[in-house]
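What you are looking at is a predicted structure, and each value in this text was computed from that prediction instead of being measured. In listed order, ligands and their atoms are each counted from 1. Side chains are part of it too, since the values below use all heavy atoms of this structure and drop only hydrogens, waters and symmetry mates.
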Amino acid sequence: MNGIAVLAYSGGLDTSCAIAWLKEDYAFEEVVAVLVDVGQEAMFQPAIERGKLAGADDVMLLDRKEAFADEQVAKALLANALYEEKYPLVSALSRPVIAEAVAEVALELGADAVVHGCTGKGNDQLRFELAFKAKYPGVKVIAPLRDRMWTRDAEIAYAEARGIPVEARAESPYSVDDNLFGRAIEAGILEDPWTAPPEEAFLLTGDPSAAPAPTDVVVSFDQGLPVSLDGEELPLYALVGVLNERAGAYGIGRIDMIENRAVGIKSRELYEAPAALALIAAHRALEELVLTKGELVAKRELEPKWAKLVYDGGWFAPVRSAYDAFFAATQELVTGDVRLSLQPGVAVLSGRRSEHALYSESLASYGIGETFPHDAAAGFIGITALETDLVAARKRVQVA
Ligand code: ARG
């Protein structure tokens, strides 16, 4: 007999069956299922019961919504993180929080193994396992759904034979993962990249063609983080929730992409992340107003590297903290307001202001009263053009 296994439990059919399987096939004496609330759309009570019926000795529900918002979501916003320029890392951000919670429970119980329900084809196995290894050095990791592939029908038969409730309502025809920062939708008919996303695949966003009349929303930032909407201060997790609803009504934040997974395959993925995309656009706009050219150049170079690192499971890598230290150092003066006009399918930037703006109207203006040092311009061109003059003169000699 093995001792204790601690499982990252979602409440779905896969991880419910995994509980029974850990006892029967892997011979664990005790299985503790840890269900982490990161703001997903889920019925926690039935999930807990299902876990118990599957044979879990304990099903723990841990609320990590605020911690997730204040740590992973906040850092992703400071980093303007978009994997392959599009995907705001919704699932990739939640894995470190879930894995850390599981590892904490496992350490406390002196568990013999930690378990996740990922298959061998996705990125999540990488994220879970790197996080487990970082947070519980030397722990044994088990991935039952990678060890043996199940067909859906076999899984249902397995569950039914053990009295594990298979959801009464038909399960989604897609593979869905969600949290407070957004929602990922894949598989089923979406596997054909020529198939248009059906409206029913979306939950957080409405059909843009049925959007209400445009409205403005003012997002205020303090040191790079959004702190209020239209003057109402909100903690980050709540602010994201409110903006998801407001921007989601316009169909803002839908993403349809062919994504390069860490395991070498391309996959077709849909996302809906209204607040994430609106906030990143607003944050970038405020940075443009406040940061120096040098800071912007350096930061924009690092941002996609941060996104790739986190996508590839590197949340607990030292280099991620080093990137974050750099980003944080640039944000001290990124305080101000950004106005977005919410329109069908898009949040259009319509204004920005900050007491720390480097933008100077009197320097930039073409109107009267401007202060640009015009006399200096001719000298500036003369020096800048020295090399161009030399190259041109050399050509003339060569032609002659
Ligand atoms: N491809 C995305 C990622 O790797 C989303 C994965 C979400 N999982 C799911 N079962 N839909 O971050």
S.K.: Suppose we screen for side-chain contact (heavy atoms from CB on, under 4.5 Å). Which residues come up paired with K65, at least two apart in sequence or across chains?
M.R.: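 If we apply the side-chain contact (heavy atoms from CB on, under 4.5 Å) test to K65, skipping adjacent residues, the hits are D37, D63, L180.
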
S.K.: Quick one: look up the protein heavy atom nearest atom 12 (O) of ligand 1 and list residue, atom name and how far away it is.
M.R.: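 Ranked first by proximity to atom 12 (O) of ligand 1 is Y87 OH, 2.6 Å.
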
S.K.: Write out the residue and atom name of the closest protein heavy atom to atom 10 (N) of ligand 1, then the distance separating them to 0.1 Å.
M.R.: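 Protein heavy atom at minimum distance: S175 OG, 2.8 Å.
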
S.K.: What orientation do Y311 and Y83 show, parallel under 30°, tilted 30 to 60°, or perpendicular over 60°?
M.R.: parallel

S.K.: If you count the atoms of ligand 1 from 1 in the order shown, which ones are under 4.0 Å from a heavy atom of E269?
M.R.: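 Listed by number with element, the hits are 1 (N), 2 (C), 5 (C).
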
S.K.: May I ask you to identify, for E259, whether its side chain, its backbone, both or neither come under 4.0 Å of ligand 1 on a heavy-atom basis?
M.R.: side chain

S.K.: Could you tell me the residue and atom name of the protein heavy atom closest to atom 11 (N) of ligand 1, and the distance to it rounded to 0.1 Å?
M.R.: E186 OE2, 2.9 Å

S.K.: With nothing but distance in play, are any N or O atoms of Y271 less than 3.5 Å from an N or O of ligand 1?
M.R.: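 Yes, Y271 has an N/O under 3.5 Å of an N/O on ligand 1.
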
S.K.: Can you report which non-hydrogen protein atom sits closest to atom 4 (O) of ligand 1, along with the distance?
M.R.: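 Answer for atom 4 (O) of ligand 1: N123 ND2, 2.7 Å.
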
S.K.: Verify the distance criterion only: is there a donor paired with an acceptor across the side chains of D207 and S209 at less than 3.5 Å?
M.R.: yes

S.K.: Angle class for the H283/F221 ring planes (parallel below 30°, perpendicular above 60°, tilted otherwise)?
M.R.: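 Rings of H283 and F221: tilted, 30 to 60°.
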
S.K.: Quick one: look at R127 and ligand 1, take heavy-atom pairs under 4.0 Å, and tell me if it's side chain, backbone, both or neither.
M.R.: side chain

S.K.: How long is the straight-line distance from CD of E100 back to CG of L107, given to the nearest 0.5 Å?
M.R.: 10.5 Å

S.K.: Run the side-chain hydrogen bond (donor to acceptor under 3.5 Å, both in side chains) check on T119 and R146 step by step: do they pass?
M.R.: CA-CA 5 Å; T119 68; R146 192 174 58 197; over 6 Å; no

S.K.: Where the closest heavy atom to atom 7 (C) of ligand 1 is concerned, which of P88, S10, S91 has it?
M.R.: S91

S.K.: Over 60° means perpendicular and under 30° means parallel, so tell me whether Y323 and F327 are parallel, tilted or perpendicular.
M.R.: parallel

